[in-house]
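In what follows, every heavy atom counts, from backbone to side chain, and hydrogens, waters and symmetry copies are set aside. Along the sequence shown, the residues carry numbers beginning at 1. Because the structure is predicted, anything quoted here is derived from the model rather than measured.
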Amino acid sequence: MSSQLLPVASLSTTSRSSLSPSSSRIQHTLAQRTHIPAHVYKHPAAILLELCTSMEELRQIIPLIIKNGLYEEHLFQTKLVSLFCKYGSLTEATRVFEPIENKNDALYHTMLKGYAQNSSIFDGLSFYCRMIEDGVQPVVYNFTYLLKGCGENCLVKNGKQVHAQLILNGHEGDVYAMTCVVNMYAKCRLIDDAHKVFVRLPERDLVSWNTIIAGYAQNGFAGRAIELVSQMQDEQLKPDPITIISVLPAVGNLGYSTIGKSIHGYIFRSGYECLSNVSTALLDMYLKCGSLSTARVIFDKMSVRNVVSWNIMIDGYAESGDSMESLILFQKMLDDGIKPTGVTIMAALHACADSGDLSRGQFLHRLANELGLQNNIPLTNSLISMYSKCKQIEIAGKLFKNMKEKTRVSWNTMILGYAQNGHVIEALNHFREMKLENIEPDSFTMVSIISAISESSILLQAKWIHGVVTRSFLDRNVFVKTALVDMYAKCGAISIARKLFDLMDEKHITTWNAMIDGYGTHGCGKEAIELFNKMENENIKPNNITFLCIISACSHSGFIKEGVRYFSIMKEKYAIDPTMDHYGAMVDLLGRSGRLQEAWDFILKMPVEPGVNVFGAMLGACRIHKNVKFGEMAAERLFKLNPNDGGYYVLLANLYASVSMWDKVNEIRTKMERKGIVKTPGFSSVDLGNEVHSFYSGSSWHSDSKKIYDFLETLMEKIKDAGYVADVDLMRDVEDDVEEHMVSVHSEKLAIAYGLLNTRPGNTIHIRKNLRVCGDCHNATKFISLVEKREIIVRDLHRFHHFKDGICSCGDYW
């Protein structure tokens with residue numbers, strides 16, 4: 001075989017730039033049959049070689065061979081080459097092979113197998129070229145080894161050359177060899193070429209069918225893989241465990257539970273259920289089809305569970321949202337003495353991330369280090385994700401910084417972590433660094449950075465990233481476009497969000513959810529309901545998130561009757577069980593409208609133990625409607641469930657203050673001091689160009705403080721003349737003029753004043769508030785929009801307020 005057909009890789013013993021039949025290499029005499037004296041093959045050393053099971057044992061036998069003068073015997077040379085190749089020591093095999101003067105063909109075939117299986121495939125191809133030059137006639141299994149290596153390394157060109165050599169050497173009629181060709185093309189993702197070879201096979205046996213079925217399944221053609229199983233049976237071939245293991249992932253990927261159950265029945269009838277790899281494939285299929293309970297029954301019945309079985313179940317529970325059961329199963333695995341792999345720990349870390357279980361996550365981190373997995377890149381990415389979701393972004397950042405090699409997934413995970421923790425600047429900086437490292441962003445990168453900008457609520461940045469997405473040709477991805485819709489809605493540009501939504505040719509369920517949620521947070525309840533109806537009319541089935549969005553939209557707009565109806569049809573029409581978030585949204589819906597008794601009765605009738613968000617919604621409603629009775633009842637439960645959340649203490653204190661129960665206010669403040677709970681300081685920010693300016697109530701650190709306060713003083717006089725009256729309900733033992741001054745320097749007013757000072761007349765001002773906007777600031781902003789003839793968009797903790805011409809979009813219902 002010439003060097004033009006196969007490229008030659010560098011070998012320690014065969015290094016050369018080209019090969020040809022006229023090479024100056026000394027041709028070896030090929031002794032095809034060698035007489036072996038009886039005293040040689042009956043020697044104890046020969047018997048020991050036959051019984052050898054490891055490299056360590058082989059090294060102990062070699063001195064015995066040399067001592068007895070048997071090293072030059074052909075039998076021992078052949079056996080040593082074979083064993084060194086078997087145990088992956090090609091250097092040692094070469095040392096034995098090269099000095100042999102009369103090499104027979106079997107030695108060459110053994111060496112080729114060793115190179116193909118234990119070294120670079122290029123070394124195997126190079127040795128094949130040498131073998132041809134030395135006059136050795138290749139045998140069929142030489143090609144099968146090389147085809148396997150080409151397939152595993154996706155070497156299409158080399159694979160085609162081996163295919164050609166196979167035919168030239170007269171093996172096109174060998175079913176097994178040609179099946180290896182099918183496998184090579186399938187592994188190289190040339191499934192059409194694989195199928196062409198398959199249909200031309202002189203005979204298609206079970207191995208051939210299994211190979212093409214697995215090829216289609218692994219290349220993403222799940223439906224075709226399932227069809228081929230039926231065709232195989234039409235040819236009177238019965239599926240074996242390999243067939244089943246190949247096709248079950250395809251069934252799971254398509255979610256064809258009915259077909260999956262049919263295959264399960266066949267497995268049971270054929271007696272394959274006792275095979276652990278078949279049961280493991282069944283687990284995976286049922287989990288992908290959403291049948292977690294069925295998968296658990298199979299898992300519990302398995303007599304032998306390997307680490308893959310455990311991994312699938314642990315990950316299955318984590319993916320389904322049952323983090324607790326996932327971690328319980330992980331602990332049981334450890335208790336049963338099963339050594340976890342990196343995949344196991346990644347699945348458990350997923351559960352820790354979703355449940356916020358930092359202590360268990362730290363245990364897993366230590367365990368990974370003990371197992372020597374500290375340099376495992378996918379596992380480190382999972383650790384970064386876990387620490388980010390557990391609000392330990394500094395630790396996540398250190399892990400990322402210390403990574404020796406960072407993949408695109410690593411960058412994406414870190415950017416998303418910063419976005420989830422509100423570190424917008426860090427997310428943007430890492431995005432820029434990623435591009436400087438010549439790592440091209442993908443759709444996941446864009447979704448992560450878009451979510452970061454969504455949290456900042458800065459419209460100018462939103463438009464910038466939209467441009468980046470378009471220039472990166474990622475604007476056709478449905479999830480990227482959905483993220484853009486969500487971003488514009490969260491940046492106050494609800495009309496732009498709707499335009500993007502309407503321009504989308506393909507809409508995922510998350511796209512509809514994002515738009516409905518956007519309308520809800522902007523107080524556009526009517527538009528949210530219309531969009532939900534449009535979604536139903538287009539036969540798009542809403543999911544649990546859709547119902548959470550629409551109920552919340554009804555709550556923000558005061559559509560009580562509609563919200564209650566949606567909660568009912570969620571279960572009755574769509575068979576969706578309410579989650580704790582749905583119950584919380586319903587309490588908010590009823591409580592915000594003043595139906596506090598109805599809201600409390602709803603809580604008492606819940607089929608599950610109410611969570612923090614349910615009682616939090618109740619307490620918030622009591623604060624709005626100044627109901628101390630229900631407020632105290634809700635607060636009592638909250639302090640038991642979450643005793644260290646300062647927000648609920650402040651909410652209760654504000655409730656007491658609103659009804660002038662000052663002794664109770666002092667009690668709450670004393671409790672907070674005793675527990676070391678600090679109130680989250682409120683601040684507001686305004687974005688001007690590429691800058692964000694933040695203000696705290698009464699703060700004077702800004703370089704333009706004097707100008708801001710002077711302007712604000714004049715502004716407050718103007719709105720008073722227009723009818724504004726300060727709301728000082730929460731003030732105690734303060735003179736009237738001091739009360740007015742204290743509310744006049746709230747952070748929202750400072751941010752608005754600075755925005756008015758630094759923008760042209762008529763420009764819209766965007767304000768971001770980290771807490772719920774207070775009643776006085778809400779009222780004052782309405783008057784400011786009137787006297788200044790400006791539109792002011794305020795995004796607070798829960799929703800948007802669009803102020804224009806003295807009116808707020810919320811209709812004073814918030």
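- Considering Lys463, Met487, His466 in turn, Met487 is the only one that fulfils the side-chain contact (heavy atoms from CB on, under 4.5 Å) rule with Ile453.
- For the pair Ile752/Leu756, a side-chain contact is recorded, criterion being any heavy-atom separation below 4.5 Å from C-beta on.
- Residues Leu641 and Gly611 share a closest heavy-atom pair of CD1-C, 4.0 Å.
- Remark: the Asn513 side chain and the Asn543 side chain contain an N/O donor-acceptor pair separated by less than 3.5 Å.
- Residue Gln597 places its CD atom among more than 12 non-hydrogen atoms of other residues, nucleotides or ligands, all under 6.0 Å distant.
- Classified by interplanar angle (parallel below 30°, tilted 30° to 60°, perpendicular above 60°), the ring pair Tyr583/Phe602 is tilted.
- Note that NE2 of His766 is 10.5 Å distant from CG of Leu688, once rounded to the nearest 0.5 Å.
- Proximity of a side-chain donor or acceptor of Asn779 to a complementary backbone N or O of Gly775 within less than 3.5 Å is not detected.
- With His693 contributing its side chain and Ser685 its backbone, the two residues share no donor-acceptor pair below 3.5 Å.
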Item to check | Chi angles and distances behind the salt bridge (charged side-chain N to carboxylate O under 4.0 Å, His left out) call for Lys720, Glu717 | outcome: CA-CA 5 Å; Lys720 282 180 188 177; Glu717 290 300 323; 3.8 Å; yes

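- Under the 3.5 Å distance criterion, the side-chain polar atoms of His582 are matched with a main-chain donor or acceptor of Asn544.
- In this structure, the ring of Tyr696 has its center no less than 6.0 angstrom from the ring center of Trp701.
- Arg768 and Ser694 share no donor-acceptor pair across their side chains, judged by distance under 3.5 Å alone.
- For His778 and Phe803, the distance between ring centers is under 6.0 angstrom.
- Nearest heavy-atom pair across Thr482 and Thr511 is OG1-OG1, 2.6 Å.
- Formation of a donor-acceptor pair under 3.5 Å by the Asn770 side chain with backbone atoms of Pro681 is found in this model.
- A distance of 10.0 Å separates CD of Glu394 from OG of Ser388, quoted to the nearest 0.5 Å.
- At least one side-chain heavy atom of Ile509 sits under 4.5 Å from a side-chain heavy atom of Ile540.
- For Tyr648 and Phe639, the ring centers sit 6.0 Å or farther from each other.
- Across all non-hydrogen atoms, the minimal contact from His746 to Cys774 is ND1-SG, 3.5 Å.
- When side chains are defined from C-beta on, Tyr387 does not count as touching Ile393, because their heavy atoms never get closer than 4.5 Å.
- Taken to the nearest 0.5 Å, the OG1 atom of Thr781 stands 7.0 Å off from the CD atom of Glu748.
- Panel note: side chain Tyr649, backbone Pro643; a donor-acceptor pair is recorded below 3.5 Å.
- Contact detail for Gly492 and His522: the closest heavy-atom pair is CA-CE1, 3.5 Å.
- Considering only heavy atoms from C-beta on, Trp662 comes within 4.5 Å of Val665 through its side chain.
- Of the possible donor and acceptor atoms, one in the side chain of Thr670 sits under 3.5 Å from a partner among the backbone N and O of Asn666.
- Both the sub-6.0 Å distance and the 45° axial angle are not jointly satisfied by Lys541 relative to the ring of Tyr574.
- The ring of Phe800 has its center no closer than 6.0 angstrom to the ring center of Tyr519.
- Remark: side-chain polar atoms of Asn758 are paired, donor with acceptor, to backbone N or O of Tyr754 under 3.5 angstrom.
- Using cut-offs of 30° and 60° for the angle between ring planes, the His423 and Tyr418 rings count as tilted.
- When all heavy atoms of Ile765 and Gly755 are compared, the closest pair comes out as CD1-C, 3.8 Å.
- Gln362 has its side chain out of reach of Met386: every pair of non-hydrogen atoms, C-beta onward, lies at least 4.5 Å apart.
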Next on the checklist: Is there a salt bridge (charged side-chain N to carboxylate O under 4.0 Å, His left out) between Asp486 and Lys490? Walk through the geometry before answering.
Outcome noted: CA-CA 6 Å; Asp486 182 62; Lys490 288 179 177 174; 3.2 Å; yes

Checklist entry - salt bridge (charged side-chain N to carboxylate O under 4.0 Å, His left out) between Lys782 and Asp805: does it pass, once the steps are laid out? => result CA-CA 7 Å; Lys782 288 196 296 183; Asp805 299 326; over 6 Å; no

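- Between Lys664 and Glu632 there is a side-chain heavy-atom pair separated by less than 4.5 Å.
- Using the six-membered ring where Trp is involved, Phe695 and His702 have ring planes that are parallel, under 30° apart on the 30 and 60° scheme.
- Distance CG/Asp663 to CD1/Ile668: 12.0 Å, rounded to 0.5 Å.
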Item to check | Check against salt bridge (charged side-chain N to carboxylate O under 4.0 Å, His left out), Glu788 and Lys718 | outcome: CA-CA 9 Å; Glu788 293 292 323; Lys718 286 173 70 175; 2.9 Å; yes

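- For the residue pair Ser684 / Ser747, a side-chain donor-acceptor distance below 3.5 Å is found, with atom types taken as modelled.
- Val692 is not listed as a side-chain neighbour of Val686, based on a closest heavy-atom distance of 4.5 Å or more.
- Judged purely by atom type and a 3.5 angstrom limit, Arg795 has no side-chain atom pairing as donor or acceptor with the backbone of His801.
- A distance of 7.0 Å separates CG in Leu750 from OG in Ser697, rounded to the nearest 0.5 Å.
- Panel note: side chain Ser557, backbone Gly523; a donor-acceptor pair is recorded below 3.5 Å.
- Between the Asp357 side chain and the Arg360 main chain, a donor and an acceptor come within less than 3.5 Å of each other.
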